[in-house]
Amino acid sequence: MDYQFTEIEKKWQQTWQERRIANARDFSDRPKYYVLSMFPYPSGVLHIGHASNYAIGDAITRLKMMEGYNVLQPMGYDSFGMPAENYAITHNSHPRITTEEHIVNMRKQFDGMGFFLDWEREISTCRPDYYHWGQYIFKKMYEKGLVYRKKSFQNWCETCKTVLANEQVEDDACWRCGAEVIQKEMDQWYFRITNYAEELLDFSHVIEWPERVMTMQKYWIGKSEGARIDFTLENSTQKIPIFTTRPDTIFGVTFMALPPEHPLVQTWLAQEPDNAELQSFCKRVMNEDKMLRSSAESLKEGVFSGRYAINPLNGAKVQIWITNYVLMDYGTGAVMAVPAHDQRDFDFAKKYDIPIKIVIQNQDKSLKLEDMTEAYTEPGIICNSGHFDDQDSEAAQGEITRWVEEKGWGVATVTYRLRDWGISRQRYWGNPIPMIHCPKCGIVPVPDEDLPVLLPDEVQVGQTTSNPLLSVPDWLNVKCPVCGEAARRETDTMDTFVDSSWYYARYADAHNRDLPFDPAKADYWLPVDQYIGGIEHACMHLLYARFIYKFMRDMGWVKGNEPFARLLTQGMVLKDGAKMSKSKGNTVDPQYIVDRFGSDTLRVYLLFASPPEKDVEWNDEALMGAFRFLSRTYRLIKGNLDAIKLGLQTSGESAELSPELKDLRFSTHHCIQRWREDSLIRMQYNTAIAAVMEHLNHCTAIKSTDDLNPAELAVYASACSIIPQLLYPYAPHMAEELWQVMGHPNLLHESGLPSYEEKYLAQDTATYVIQVNGKIRGKLEVAPDTDAGILQEMALEVENVVRALEGFEVKKVIVIPNKMVSIAAKPQR
RNA sequence: GCGAAAGUGGCGGAACUGGCAGACGCGCUGGACUUAGGAUCCAGUAGGUUCACUCCUAUAGGGGUUCGAUUCCCCUCUUUCGCACCA
């Protein structure tokens, strides 16, 4: 009678595989449902976070199968990127070898979990049959003008001759060699995601996304409306465009602020090699850790450039300062500083004794320069602004902008915080950018027929001198596809976020040799109906994927506007209050749990612990609770098998039910009702499982079936026999076993959703709670739908109520049907 | 600093549109049983008060709306997450 989970799980995993249940069929006439969990980086082992993520996906998959959908749940590997490259370096191997080894091992663990995954559609981003199409997409984007090259400053280690990601910079030094990290300006490839900024703000086409994620993306995109206005460099025709959201303050400009990265500043630096102050300030600021620089809120510094700019509106001449508080990447990279009405400009002006000019007065016009300790940033009444004086500052914004436009000094414009997506990585282990640099023809795309540009294997990974691709002459040197002369390949590889921004579409047609995917198949499967993954991808991955989807839509490859109709951001599994990590030594190995207690126990534990979007604290004791629950279920059905089988064949309409069995019948139908609501609608699996546990408790409360009459036996049998179906999404192996043991010839995924009958949910009596001034003073058991007047009388006669009303005068009685009688009373005078 | 979410027993959590706070599970206490098993079964388990019935206090803290608030509103505190001078 022991719950032999190992045998049971192996048996059903085999059966499911043989029957190819998880292999979804394209163009089936059943409605489709596409469940996708974010694919893992192949680290070699599943960790508990994966188990939790995929347990949710698998529950949804099985629920939807029971519901009759043609369900696709694919899986693959996000296998390019730095972790794989670094792993190979430290293990003195090649990332292709270690990655493929890891995949083999992870596949074993996936199989041991018994997930319904369509392995016929497996992808791995580092394989040529996948990254081929990433290159193809890159090219199509290039042709559409969505790809360009731009110089930008990167963290650069002189010793390693390589670009470093922000997280590889530790205290301004290279994480690997410890040398100083400098900011080097280099050409980088960019995707023009900002073209889609406005559309990405629109979430009206998703069905259900967490509000939190949408807010984060909106903030990330950061739309702001204002004006771009051209200031002029004094004694020059050189224009310096600025962006402002406050055109109403433009007469209050007393200086201009530029960052050291500004092209003008770069010119001056080149012109004045002997200007020590300027040179050292710029060098220092530019090489400061980017995070540090942008967080040092109090430290506003700058040097006067010795140059002046002319305010086009009033011809005023203002000093140009080079500062550390202006960002090159936002707006136009130049700020018209209005110290009176901007706190940062105010701080700066105070520090360097720059004039401050009030151009907006508060309501009682009491603002005085000498009293100001901070900038006045509120709206008010315009002053010192020529013919705009005395207008309301907010109302005047538009008018000033129109005037500026009329005069040709600038334009109304919208700026986004969102920046174009830099996809260049000076790394070996990534998708090669399919471009060729020809001395004659410039930058030329690799022709389609030459795709994919294969990543060469024969590199020395682990060399610290620059991108390993530079060390492969056979690969590097090519003929220009246009003129045939000697040329060089682009050695940058793509950010791995590029790989993951379209993989969900590849699953629709994973083996297509001619296209990224067949649009007809994509049309059948997309969008992903339910996407599941960590909240940490709220801005980057999920935004990039939406962007690429919109591009693919514009190409006519996919229909609709959004890749993911519903999004579930699942919580992390914590231990000792912290994220599990090897370095903390607080990991739990899911394989160990599966070996000792089975996949079903692990799944039930993870799903029962909390609602899916919340973090779960790992608890060994509670895991045992899940195991005991499954054991009890197993014993109940195996131990009463004869009675259940007999009962299932009994109609027993004639005989009377004891109150106990009547309750059991109610429990059965009530449980199904709750289970359906929690599993299918609310997606709150913890309470769905709790409902089954409660029902199990009702079943096991019947200690013997010997004295049951036929009707009672039928009720008992149906109460027990429903459990496998209810458990199937959460503990599929055991559920399948019990279902078979009960004599069903089919498998559970084709058993349909269990349904309840309304008539058995009706109760013989209704319990009314009686409140006096909000406090419970008694209860009444009456027939349902008893007349309110009668109830009121009955309630006022209840002993406790009478006592509570002593010295009180009843003011009002409220009757909530089948719930409560609420009496409001006031003390008697 | 800005933005978002959250705060309920010893613990994880439940209470769905305001209507019996603490479902379910863990842990704990007592008991039964034994094929000594990560057993199983029964009873109990927010705190206080009482022999008991009862009653009182409790959903971070304070106020408000309401017959009635874990739920709605305002303020404060705490925690977590995201962003970080956005002109």
Side-chain angles (χ1 to χ4, degrees), chain A residues 2 210-220 222-224 226 242-246 249 257 291 293-300 323-327 329-338 342-345 347-348 415-419 535-536 538-539 572 596-597 604-605 608-611 613-629 631-632 635 674 677-678 681-682 684 686-697 700 703 767-777 779 799-800 803-804 810-814 816 819-825:
Chain A
D2 267 6
E211 205 53 48
R212 183 151 80 118
V213 175
M214 295 192 285
T215 308
M216 279 165 74
Q217 289 203 359
K218 279 178 188 166
Y219 184 75
W220 185 265
K223 180 180 183 173
S224 64
I242 58 92
F243 171 74
T244 180
T245 54
R246 295 291 304 274
T249 64
M291 297 295 277
R293 180 173 155 193
S294 53
S295 66
E297 201 156 80
S298 52
L299 273 173
K300 292 186 175 41
T323 70
N324 66 346
Y325 76 93
V326 178
L327 305 174
D329 299 316
Y330 184 75
T332 60
V335 168
M336 61 165 218
V338 186
D342 181 284
Q343 192 55 44
R344 292 156 301 180
D345 299 342
D347 294 342
F348 193 85
T415 292
Y416 301 90
R417 209 181 74 98
L418 179 72
R419 293 176 227 155
I535 184 80
E536 64 272 19
C539 286
M572 281 185 307
R596 308 203 89 186
F597 303 105
V604 167
Y605 167 72
F608 178 66
S610 71
E613 63 282 349
K614 278 187 69 170
D615 290 348
V616 191
E617 171 74 28
W618 183 265
N619 181 335
D620 284 322
E621 307 285 351
L623 177 80
M624 288 311 300
F627 183 73
R628 284 198 292 260
F629 163 61
S631 304
R632 287 205 307 143
R635 273 202 307 274
R674 287 170 61 193
E677 171 90 10
D678 291 349
I681 298 161
R682 299 176 65 204
Q684 201 170 297
N686 56 334
T687 50
I689 293 170
V692 181
M693 287 175 169
E694 265 177 84
H695 179 59
L696 178 74
N697 291 343
T700 54
K703 291 296 168 201
T767 306
Y768 279 83
V769 172
I770 307 164
Q771 283 188 354
V772 177
N773 287 340
K775 293 207 166 113
I776 293 149
R777 296 301 174 191
K779 283 181 188 180
E799 198 193 327
N800 250 338
R803 203 179 326 154
V810 175
K811 301 294 286 182
K812 198 156 94 177
V813 180
I814 296 151
I816 314 290
K819 271 192 182 149
M820 72 160 45
V821 181
S822 185
I823 301 163

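Naming convention: chains lettered A, B, ... in sequence-line order (proteins, then strands); numbering from 1 in each chain. For clarity, every value in this text was computed on a predicted model and none was experimentally measured.
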Give me the distance, rounded to whole Å, that separates [N] from [M] when you measure between the [atom1] atoms they each carry.
N	M	atom1	result
G44(B)	G64(B)	P	40 Å
A21(B)	A46(B)	C1'	10 Å
A14(B)	A4(B)	C1'	25 Å
U54(B)	U49(B)	C1'	10 Å
U45(B)	G25(B)	P	14 Å
C33(B)	C20(B)	C1'	37 Å
G62(B)	G13(B)	C1'	27 Å
G9(B)	G1(B)	C1'	37 Å

- Under the 3.5 Å Watson-Crick or G-U criterion, the dot-bracket string of RNA chain B, with | for inter-strand pairs: (((((((..(((......[....)))((((((.......))))))(((......)))..(((((..]....))))))))))))....
- Message: Going by the rule ring-ring contact (aromatic ring centres under 6.0 Å, His included), which residues pair with Trp220(A) if we only count those two or more places apart in sequence or in a different chain?
- Response: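 In terms of ring-ring contact (aromatic ring centres under 6.0 Å, His included), with neighbours along the sequence ignored, Trp220(A) is linked to no residue.
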- Task: Just jot down the ring-ring contact (aromatic ring centres under 6.0 Å, His included) partners of Phe629(A), sequence neighbours excluded, or say none.
- Result: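 For Phe629(A) there are no ring-ring contact (aromatic ring centres under 6.0 Å, His included) partners, ignoring immediate neighbours.
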Calculate the interatomic distance between [X] atom [atom1] and [N] atom [atom2]; express it in whole Å.
X	N	atom1	atom2	value
Ile770(A)	G68(B)	CD1	C1'	15 Å
Met214(A)	G3(B)	CE	C1'	15 Å
Arg632(A)	A39(B)	CZ	C1'	13 Å
Asn773(A)	A69(B)	CG	C1'	15 Å
Met624(A)	C28(B)	CE	P	13 Å
Glu613(A)	A5(B)	CD	P	14 Å
Phe348(A)	A87(B)	CZ	P	19 Å

Does [X] reach a base, just sugar-phosphate, or nothing at all? Heavy atoms under 4.0 Å.
X	answer
Gly625(A)	sugar-phosphate
Arg628(A)	sugar-phosphate
Ala690(A)	base
Asn697(A)	sugar-phosphate

- Message: Test of understanding: with side-chain hydrogen bond (donor to acceptor under 3.5 Å, both in side chains), list the residues that count as partners of Arg417(A), not counting sequence neighbours.
- Response: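 Listed in chain order: nothing, the list is empty.
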- Task: Sequence neighbours left out, what passes side-chain hydrogen bond (donor to acceptor under 3.5 Å, both in side chains) with Arg777(A)? Give chain and number order.
- Result: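 Testing Arg777(A) for side-chain hydrogen bond (donor to acceptor under 3.5 Å, both in side chains), a comparison that skips the adjacent residues, returns none.
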Check the phosphate of [N] against [X], side-chain N and O only, distance under 4.0 Å to OP1 or OP2. Yes or no?
X	N	result
Lys811(A)	G68(B)	no
Thr700(A)	C41(B)	no
Tyr330(A)	A87(B)	yes

- Query: How far does NZ of Lys779(A) sit from CE of Met820(A), to the nearest 0.5 angstrom?
  - Reply: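 So the NZ of Lys779(A) and the CE of Met820(A) are separated by 10.5 Å.
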- Can you check side chain to side chain contact (heavy atoms under 4.5 Å, CB included) on Thr249(A) and Met336(A), steps first, answer last? CA-CA 10 Å; Thr249(A) 64; Met336(A) 61 165 218; 3.6 Å; yes
Which atom pairs link the protein and nucleotides 52-54 of chain B when you take only N or O atoms and keep those under 3.5 Å?
from, atom 1, to, atom 2, distance (Å)
U54(B), O2', Arg803(A), NH1, 3.3

- Query: Going through the checks in order, is the side chain to side chain contact (heavy atoms under 4.5 Å, CB included) test met by Arg632(A) and Asn697(A)?
  - Reply: CA-CA 9 Å; Arg632(A) 287 205 307 143; Asn697(A) 291 343; 2.5 Å; yes
- Of the nucleotides C81(B), C24(B), C86(B), which has the atom closest to the Arg419(A) side chain?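 Looking only at side-chain atoms, Arg419(A) lies closest to C86(B).
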- Message: Heavy atoms from C-beta onward define the side chain here; which of C86(B), A87(B), A5(B) lies closest to that of Arg417(A)?
- Response: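 Minimum distance to the Arg417(A) side chain belongs to C86(B).
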- Task: Considering non-hydrogen atoms only, spot the tightest contact between Val604(A) and Ala626(A) and give its length.
- Result: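 Heavy atoms of Val604(A) and Ala626(A) come nearest at CG1-CB, 3.9 Å.
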- Item | Which atom of Ala538(A) lies closest to which atom of Gln217(A), heavy atoms considered |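 Closest pair (atom of Ala538(A), atom of Gln217(A), distance): O-NE2, 2.8 Å.
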- If each of Lys703(A) and Ala622(A) is mapped to the nucleotide of RNA chain B with the nearest heavy atom, which maps nearer the 5' terminus, i.e. the 5' end?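 Checking each residue's closest nucleotide, the 5'-ward one belongs to Ala622(A).
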- Query: Which residue lies toward the 5' end of RNA chain B, Lys812(A) or Ala691(A), if each is placed at its nearest nucleotide?
  - Reply: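 On the 5' side of the pair lies Ala691(A).
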- Query: Which is it for Arg246(A) and Val338(A) under the side chain to side chain contact (heavy atoms under 4.5 Å, CB included) test, yes or no, and what are the steps along the way?
  - Reply: CA-CA 10 Å; Arg246(A) 295 291 304 274; Val338(A) 186; over 6 Å; no
- Message: Classify the ring geometry of Phe348(A) against Tyr325(A): parallel below 30°, tilted from 30° to 60°, perpendicular beyond 60°.
- Response: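 Ring orientation of Phe348(A) relative to Tyr325(A): tilted.
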What residues, two or more places apart in sequence or in another chain, satisfy salt bridge (charged side-chain N to carboxylate O under 4.0 Å, His left out) together with [X]?
X	answer
Arg628(A)	none
Glu799(A)	Arg803(A)
Arg419(A)	Asp329(A)

- Chi class for G9(B): syn within 90° of 0, otherwise anti: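 Base orientation: syn.
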- Message: For Arg674(A) and Glu694(A): C-alpha separation, side-chain torsions, deciding distance, then whether side chain to side chain contact (heavy atoms under 4.5 Å, CB included) applies.
- Response: CA-CA 11 Å; Arg674(A) 287 170 61 193; Glu694(A) 265 177 84; 3.1 Å; yes
- Pairing residues for Ala690(A) by the side-chain contact (heavy atoms from CB on, under 4.5 Å) criterion, not counting sequence neighbours: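 Scan of Ala690(A) (side-chain contact (heavy atoms from CB on, under 4.5 Å), adjacent residues dropped) gives Phe608(A).
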Anything under 3.5 Å between a protein N or O and an N or O of nucleotides 10-15 of chain B, put it in a table, one pair a line.
from, atom 1, to, atom 2, distance (Å)
G12(B), O2', Ala609(A), O, 2.8
G13(B), O3', Asn686(A), ND2, 3.4
A14(B), OP1, Asn686(A), ND2, 3.3
A15(B), OP1, Arg682(A), NH1, 3.1
A15(B), OP1, Arg682(A), NH2, 2.7
A15(B), OP1, Gln684(A), NE2, 3.4

Tabulated below should be each protein N or O lying under 3.5 Å from an N or O of nucleotides 18-20 of chain B; please produce it.
from, atom 1, to, atom 2, distance (Å)
G19(B), N2, Gln771(A), OE1, 3.2
G19(B), N2, Ser822(A), OG, 3.4
C20(B), O2, Lys779(A), NZ, 2.7

